[in-house]
Amino acid sequence: TLIHKNYNLGESAEALLTETNRIMTDFYANSVELKSGVREFLEYCKNKGVKMCVASATAPELIDVAMKHCDIGKYFLSVFSCGTIGKGKDEPDVFLQAAEFLCAEIKEICLFEDSLVAIKTANKIGMKTVGIFDENNFRQDRLEAASDIYIAKGADIGDLIPMI
């Protein structure tokens, strides 16, 4: 509503929301791509018996669309969304819910994340963190500094396999 009123975008707030959701769904269904080495890393973890789930700020229906498009749903036991929980990644709730589901101690969990806010939250509760470069996020230097491990631009996530 505020964006529609303040910037006069869309015919109405509802129309703007509908169009935004259409664009996002189209992106996740047709354009989103896995970062280099992700599939191999997920397959390795699954074969080693590592329990994995998704804890995201993205809406659950969009997560499902993206996972289907990338064919990675088989690697994750569950999906947790900040939207469902009602709190963002500046609060630990989504991570704590995922940890409870996995029956794991926080210190045993490794969070893979491209958001500085989420990395800082995970650090506060004692999770291990892997920061992942994302060209759409500014201040990658801060993300790198806050992360236990950092996957830089052009790096392959599969390179982490020997560390497991």
Fill in: Pairs touching residues 96-129 that satisfy ring-ring contact (aromatic ring centres under 6.0 Å, His included), sequence neighbours left out
Phe41-Phe112, Phe80-Phe101

Worksheet item: Once you round to the nearest 0.5 Å, how far does CD1 of Ile132 lie from CD1 of Ile157?
Response: 4.0 Å

Item to complete: Scan residues 46-68 for pairs that pass ring-ring contact (aromatic ring centres under 6.0 Å, His included), counting only residues two or more places apart or in two chains.
Response: none

Discussion item. Which heavy atom of Lys51 sits nearest to which heavy atom of Leu77, and what is that distance?
Written reply: CB-CD1, 3.8 Å

Worksheet item: Can you tell me how far NZ of Lys46 sits from OH of Tyr75, rounded to the nearest 0.5 angstrom?
Response: 6.5 Å

Worksheet item: Can you name the residues that form a side-chain contact (heavy atoms from CB on, under 4.5 Å) with Asp71, not counting sequence neighbours?
Response: Arg39, Lys74

Practice prompt. Mind listing the closest non-hydrogen atom pair of Ile106 and Gly126 along with its distance?
Written response: CG2-C, 3.7 Å

Fill in: Asp156: partners by side chain to side chain donor-acceptor pair (under 3.5 Å), with sequence neighbours left out
Ser36

Discussion item. Please check: side-chain N/O of Lys128 versus main-chain N/O of Lys107, any donor-acceptor pairing under 3.5 Å?
Written reply: yes

Item to complete: Please list, chain by chain and in numerical order, all residues satisfying side chain to side chain donor-acceptor pair (under 3.5 Å) with Asn21, sequence neighbours excluded.
Response: none

Response to the item:
With sequence neighbours left out, the residues meeting side-chain contact (heavy atoms from CB on, under 4.5 Å) with Glu100 are none

Discussion item. Same cluster or not: Val38 versus Val79, using hydrophobic residues (I, L, V, M, F, W, Y) connected whenever any side-chain heavy atoms lie under 4.5 Å apart?
Written reply: yes

For residues 53-67, which side-chain N or O atoms pair as donor and acceptor with protein atoms under 3.5 Å away, sequence neighbours left out?
residue	atom	partner	partner atom	Å
Ser56	OG	Thr58	N	2.9
Ser56	OG	Thr58	OG1	3.3

Fill in: Listed partners of Asn137 passing side-chain contact (heavy atoms from CB on, under 4.5 Å), at least two apart
Asp114, Asp134, Gln140

Fill in: Rounded distance [0.5 Å steps], NZ in Lys153 versus NZ in Lys35
10.5 Å

Worksheet item: Mind checking whether Leu34 and Leu111 sit in one hydrophobic cluster, side chains of I, L, V, M, F, W, Y counted as touching below 4.5 Å?
Response: no

Fill in: Gap between atom CG of Leu42 and atom CZ of Phe76 - 0.5 Å precision
4.5 Å

Worksheet item: Taking a hydrophobic cluster as the set of Ile, Leu, Val, Met, Phe, Trp and Tyr residues connected by side-chain heavy atoms closer than 4.5 Å, whether directly or through intermediates, do Val32 and Met24 fall within one such cluster?
Response: yes

Worksheet entry | Residue list, side-chain contact (heavy atoms from CB on, under 4.5 Å) with Glu135, at least two apart or on another chain | Phe133

Worksheet item: Side chains of Glu33 and Cys70: does their closest heavy-atom pair fall under 4.5 Å?
Response: no

Worksheet entry | Distance in Å, Ile72 CD1 paired with Met52 CE, rounded so as to fall on 0.5 Å steps | 9.5 Å

Practice prompt. Look only at the side chain of Glu108 and the backbone of Glu105, and say whether a donor-acceptor pair between them is shorter than 3.5 Å.
Written response: yes

Identify all side-chain donor-acceptor contacts of residues 115-125 below 3.5 Å with residues at least two apart in sequence or on another chain.
residue	atom	partner	partner atom	Å
Ser115	OG	Val117	N	3.4
Ser115	OG	Ala118	N	3.3
Thr121	OG1	Lys89	O	2.6
Thr121	OG1	Val117	O	3.0
Asn123	OD1	Thr129	OG1	3.3
Asn123	ND2	Ile119	O	3.3
Asn123	ND2	Ala146	O	2.8

Discussion item. Are the side chains of Val130 and Ser147 in contact, using a 4.5 Å heavy-atom criterion?
Written reply: no

Fill in: Test side-chain contact (heavy atoms from CB on, under 4.5 Å) applied to Phe95 and Met127, step by step
CA-CA 9 Å; Phe95 304 133; Met127 279 185 171; 3.5 Å; yes

Fill in: Those residues that, when tested against Lys87, pass salt bridge (charged side-chain N to carboxylate O under 4.0 Å, His left out) (two or more places apart)
Asp93

Worksheet item: Can you tell me how far CD of Glu144 sits from CD1 of Ile149, rounded to the nearest 0.5 angstrom?
Response: 12.0 Å

Practice prompt. Could you pull out all residues at least two apart from Glu19 that satisfy side chain to side chain donor-acceptor pair (under 3.5 Å)?
Written response: Arg22

